Structure formats: C-alpha cells, structure tokens
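Notes for the one structure printed next.
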Number of protein chains: 2
Amino acid sequence: MTRADRPEPGDLDLQKQVCFALYAASRALTAVYRPVLERLGLTYPQYLVMLVLWERGQTSVKALGESLQLDSGTLSPLLKRLEAAGLVDRARDPRDERSVVVSLTPAGDGLRAQATGIPRAIAEATGVPASELASLRDTLRKITEAATAAPDKETT
Amino acid sequence: MTRADRPEPGDLDLQKQVCFALYAASRALTAVYRPVLERLGLTYPQYLVMLVLWERGQTSVKALGESLQLDSGTLSPLLKRLEAAGLVDRARDPRDERSVVVSLTPAGDGLRAQATGIPRAIAEATGVPASELASLRDTLRKITEAATAAPDKETT
DNA sequence: CAAGGTTTGGTTGTGCACAACCAAAATCAT
DNA sequence: ATGATTTTGGTTGTGCACAACCAAACCTTG
C-alpha cells in the first residue's frame, strides 16, 4: 500500500526507469564498438547487416529487415552506403522483380576474417562475465518480444 | 574447451550477441513509448529531458548532459525544439555566462501531471513483472558503467 | 485480359546521436 | 594585468530510425 499503487511524483524518477537504463546501456555499448568497427570502415548498424550476410549469404532486403527489425527507410540508404563502399551488391531478383537481393562482394566476404575477433574484444573491453551476459540477453529478448507485441490499448 | 576458447564463425552469430539484443530491446521499448508520448507532443529523448527538469527544476545544459549522458550536439537542438514548443526557457546564468540554465515554463510544468501515469502504462503494456525489471535495470547499469569506463586498449 | 488488391523497396521529412570544430567566458600562471 | 588554458555551449556534417507516402511488380477474380 506504500508504493506502486497509484502514480506518484517518485514514479517519474529517471534513475528508476528501465527504459532509460536500456537506452543508456545501448548507446554506451555501441560506443565501445565504434573504435573497433572504425578500423573495418563500418558503423554498428552496418556491422549488423554484415553479420547477417556472413551468416546467410544472399539475403533480400525484406529478410534483413525482419532479422534486424529495421524498416526500408533505414535499410535502403544504409545498403547504398555499403554498396558504395564495395562491400555488397544489390540486384533485383529475376524471379520477383519487387525483391532486391543483397549479396557480399569478395571485399565484403574478406572482411569477415577481420571481424571474427570482435565479439571477444568487446567482451574483454567491458569485462562483464559471459554467464551474466547470456542471462541478460535472454531477459532482453523477452522484453523485446513483449514490447513488439505490446497492444496500443487505445482502441477500446 | 569446446567453446569460447578462440574466435569461431559461430561467434559472429547475430542471435548470440548481447549488443544486438540491447539495441533491439531499446528500440522496441522506445516504440512502445512513442504513441503514449505523442499525446504530450514529446519524443522519447525530450521526455527524458523533461523528467530531469520535473525532478530538479532549473538545470544547466551541462548537468542535463551528465544525467542523460548526451552531449551538446544532441541537446542543443533538442532544447531549442522544447523551447519552440513553449515547454522550457533557456537563459545564460548571470553568474557564469558560459552556462545556459534550462527551466520549465508553466506549460512545461503543467505537462508533469499528464506524465505521471506513463511509467505504469508502459509497464502494463509490456507486461513484464516489476521484480524482473528492477534486476534488469541493475544489470544494465553495470553494463553501462563497464562500457563507459572501457579502455580503448589501442594505445599500447 | 482488366480492375481490384497486396507486396516490396524506395523517397522524403523530422528528430536524434556523435565527431570535429569553434567562440566566448572564466580561470590560472606568471 | 596579460597571456595560456580550461570550461561551456553551439555549429556543421554524417549516419541512423521511423512515419508517411509512393511506384512498380505481383496476384487475384471475374
């Protein structure tokens, strides 16, 4: 009956909000990646796209968007920059001209070797135990799923 | 001796990377806030600034940046938009003309009442138990601290 | 085939996020 | 006091992120 029963001023405490913790942690971790990725000539979102391509080879823009949960407004210019950097090719699928297939160039494929050490480098730089990271990752996935499925609840 | 001993292709698996989980969760949760904050005419980062102001009243740009871990390149235009919206005032501190003090207008202060219900609305929309959120928040803070203090380790 | 719809990327516009750089004010050292 | 240094915001440029809108390609169904 003391807290969490009705809105109080204290509920607007920045330090108590999970979303801010998430927002700050995401930016802080991305900042750790930045100097490492800079040597590959990649930004963090570009690195994510490359991860998918290294794993799956040819991938449509739609599939990339589903994997990374990014829409075409974000991916289109990003992929153009990767193409301009000579790391990927883009071509319409002859079987379905609506679809654009993104594939690795030799240079893009070659970058993979330089990227294999990155996850370890980041883990070491932050110094957070692997077991804790695994459990954090699972909790975050749950949050993402819950948030993605969140009802707008304004339609009633 | 099986895994996590040396870089393997599997280490480049998107689904195993904590940073992506963080990145996706942060965007997903922000997306839950978006329609709620839209009714207040705020974006999520603007809401964070307002939280600090509701809590502390007059605050310098520097102090805002420290609280939110954002730099002036992000805050300056954001504060200008809040000022244009009539929610905050900006004025040089007469005691130190380098410093700009941001304060709430009556309209900005009035918005506070409409905001008190937001944390609860988000918590309900996502449906994640409060206890879990508290522990997640603590883990995230640890990550943020570790990442912020992370050495560049390229100077040797 | 033709009219209706859906799917897929792309474009445009707004708002962060951050690096790099800049200018004015304050502070320090001599 | 005077010159060097630091502090504080601001500006500029690049790159996401997403809403809103658009066009072309597909897919029906009659």
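As the structure is a computational prediction, the values presented were derived from the model and not from experiment.
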Could you verify whether a donor N or O on one side chain and an acceptor N or O on the other, from R56(A) and S67(A), lie under 3.5 Å apart? yes
In residues 70-85 of chain B, which residues come under 4.0 Å of DNA chain C by heavy atom? L70(B), D71(B), G73(B), T74(B), L78(B), R81(B)
Heavy-atom count check: over 12 atoms from other residues, nucleotides or ligands less than 6.0 Å from Q69(B) CD? yes
From the list dG9(C), dT7(D), dA17(D), which nucleotide is the closest neighbour of the side chain of Y23(B)? dA17(D)
If you check the V61(A) side chain, which of dA25(C), dT8(C), dG9(C) turns out closest? dG9(C)
Write out a two-atom table: protein N or O, nucleotide N or O from nucleotides 3-5 of chain C, distance below 3.5 Å.
none

In terms of hydrophobic clusters joined by side-chain contacts under 4.5 Å, are V101(A) and L51(A) together? no
Which word best sums up how the rings of Y44(B) and Y23(A) line up, parallel for under 30°, tilted for 30 to 60°, or perpendicular for over 60°? perpendicular
Do the side chain of S26(A) and the main chain of S26(B) share a donor and acceptor less than 3.5 angstrom apart? no
Does dG10(C) have its OP1 or OP2 closer than 4.0 Å to a side-chain nitrogen or oxygen of R90(A)? yes
If you count the non-hydrogen atoms of other residues, nucleotides and ligands that lie under 6.0 Å from CD in E83(A), is the total more than 12? yes
Identify, residue by residue, the members of residues 40-59 of chain B with a heavy atom below 4.0 Å from DNA chain C, and return them in order of residue number, or none. T43(B), P45(B), Q46(B)
Just N and O in the side chain of R34(A): are any of them under 4.0 Å from OP1 or OP2 of dC16(D)? no
